[in-house]
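Indexing begins at 1, ligand by ligand and atom by atom, following the structure's order.
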Amino acid sequence: PSEEPSVTTPEEGLAGSVEDSEKISAAEKSLLQKVIRKGLVENHHDLEVQRKDPNSPLYSVKTFEALNLRPELLKGVHAMGFDAPSKIQETALPTLLVDPPQNMIAQSQSGTGKTAAFVLAMLSRTDVSKNYPHVVCLSPTFELAIQTGEVAKKMAKFCPHIKIRYAVRGEEISRGTQINDHILIGTPGKLLDWGTKLRCFDLTKVEVFVLDEADVMIATQGHQDQSIRIHKLLPKTCQMMLFSATYDEDVMKFAEMIIRNPVVLKLHREQQSLDNIKQHYVVCKSKEDKYRSISNIYGVLTIGQAMIFCHTRKTASWLAETMSREGHAVALLSGELEIEQRINIINRFREGKEKVLITTNVMARGIDVEQVTMVVNFDLPVDQSGRADCETYLHRIGRTGRFGKSGVAINLVDGPRSMQVLQYIENHFKRPILRLDAEDVDEIE
Ligand code: ADP
């Protein structure tokens with residue numbers, strides 16, 4: 001990763017450099033999104049159901065009890081702290097568990113309970129008397145496969161006979177060795193290898209096939225073809241389900257190629273809005289001046305947590321260092337970190353170990369941190385050519401606006417160009433951004 005030049009100008013944030021967000025892969029992003037949510041997102045979603053098969057019994061349940069799960073599975077679900085099914089689970093589960101098995105394409109944003117839904121379906125269709133893989137789940141990466149496997153192991157806590165095996169990098173097996181685990185969770189390449197080249201299990205005996213994170217899958221080189229090759233070897237009677245966090249044309253084309261006669265569930269995400277956000281700006285003379293404003297604001301931050309967005313990594317690490325030196329507990333999340341380090345930082349922040357998270361755009365999109373009550377734009381979001389990036393602005397500070405959740409956004413402006421950007425954003429959203437005196441930050445609360 002190239003470093004930005006070390007000369008700084010007051011308006012360096014407008015230099016239009018390549019941002020970290022472009023360096024994070026779809027798979028990494030998805031993993032981060034999974035990790036950042038400790039509980040289910042409590043948004044109200046709008047569920048759209050398309051029934052391709054008019055005979056498909058489509059009903060929803062309000063309780064896990066109503067699903068007639070095996071008692072030990074129900075116990076596992078409760079042990080995970082799940083009291084009632086989420087929106088997508090409500091509708092997906094009865095359909096996934098009914099006989100004859102139904103195929104499904106389900107789309108809803110990360111954190112809405114998809115994994116838990118298909119894992120439950122996988123476990124409830126596992127027959128321990130069949131000592132060969134008959135339930136297979138495809139994940140796009142090693143890490144995502146492990147995440148799913150961990151959910152499955154937790155949920156199967158009271159089903160000691162169910163055997164789950166990973167087919168991921170690092171797992172080796174010799175040609176012809178017959179796998180006797182019931183469930184395989186792995187990446188397409190490895191599963192294809194085990195199923196075809198090494199003949200360690202019989203793809204024609206698979207009864208349940210899950211393709212998770214289809215959007216990430218098709219974004220990964222080679223995965224789409226491998227998935228299709230696996231799919232071709234499955235029997236017609238196999239129950240197939242595909243899950244995706246996004247719903248665009250490419251994903252749907254792929255989904256419909258893989259899943260015959262599906263029930264399609266789409267959970268539309270609530271629009272983010274600025275309605276509950278108090279927006280302010282502070283006029284600053286320099287980077288140092290911006291820092292002083294933040295320090296003042298940080299001082300009055302009594303409840304909740306804050307995220308500070310910088311345009312470049314250099315500014316972000318400078319700010320983190322400066323604030324730490326003055327004894328503030330801040331965390332820095334930036335693009336050059338390994339995925340494990342990022343997860344660690346996000347987890348600590350989520351647990352409240354740090355009140356402030358400083359970041360570049362790595363986290364701006366797709367990840368909601370509902371507990372964050374204040375967002376500071378140390379640099380205003382701009383695109384490559386230095387123009388206001390309203391979409392990113394909305395992603396950074398917008399909330400879904402339910403439950404009267406409110407928040408504060410502070411924009412630090414350090415010159416005529418960033419003032420212009422601010423005015424553009426204000427006009428765009430038609431919501432006032434009020435001037436704030438950094439020496440008198442009591443007004444914020
Ligand atoms: P997705 O696969 O859509 O990203 P997950 O299945 O990983 O969503 O669920 C997101 C989070 O919500 C996880 O931490 C999971 O343990 C939790 N969760 C899932 N279903 C429920 C439920 N019915 N009740 C409470 N929490 C749940």
If the threshold is 4.0 Å, N to carboxylate O, is there a salt bridge linking Glu207 and Lys130?
yes

Hey, are Lys253 and Asp248 close enough for a salt bridge, meaning a charged N less than 4.0 Å from a carboxylate O?
no

Measure from atom 23 (N) of ligand 1 to every heavy atom in Ser108, Ala106, Ala116, Ala84 and give the option owning the shortest one.
Ala84

So between Thr115, Leu144, Val119, Ile88, whose heavy atom ends up nearest atom 7 (O) of ligand 1?
Thr115

Basic-acidic side-chain contact under 4.0 Å: Glu143, Arg342:
no

Check ligand 1 against Ser86 and write out every atom of the ligand that is under 4.0 Å from a heavy-atom position of the residue.
23 (N)

Report yes or no: does a heavy atom of Phe64 sit under 4.0 Å from some atom of ligand 1?
yes

Consider every N or O of Thr112 and every N or O of ligand 1, then say whether any pair is closer than 3.5 Å.
yes

Would you call the rings of His78 and Phe64 parallel, tilted or perpendicular if under 30° counts as parallel and over 60° as perpendicular?
perpendicular

Can a salt bridge be assigned to the pair Lys190 and Glu172 using a cut-off of 4.0 Å between side-chain N and carboxylate O?
yes

Counting from 1 in the order shown, the ligand 1 atoms closer than 4.0 Å to a non-hydrogen atom of Gln89 are 19 (C), 20 (N), 21 (C), 22 (C), 23 (N)

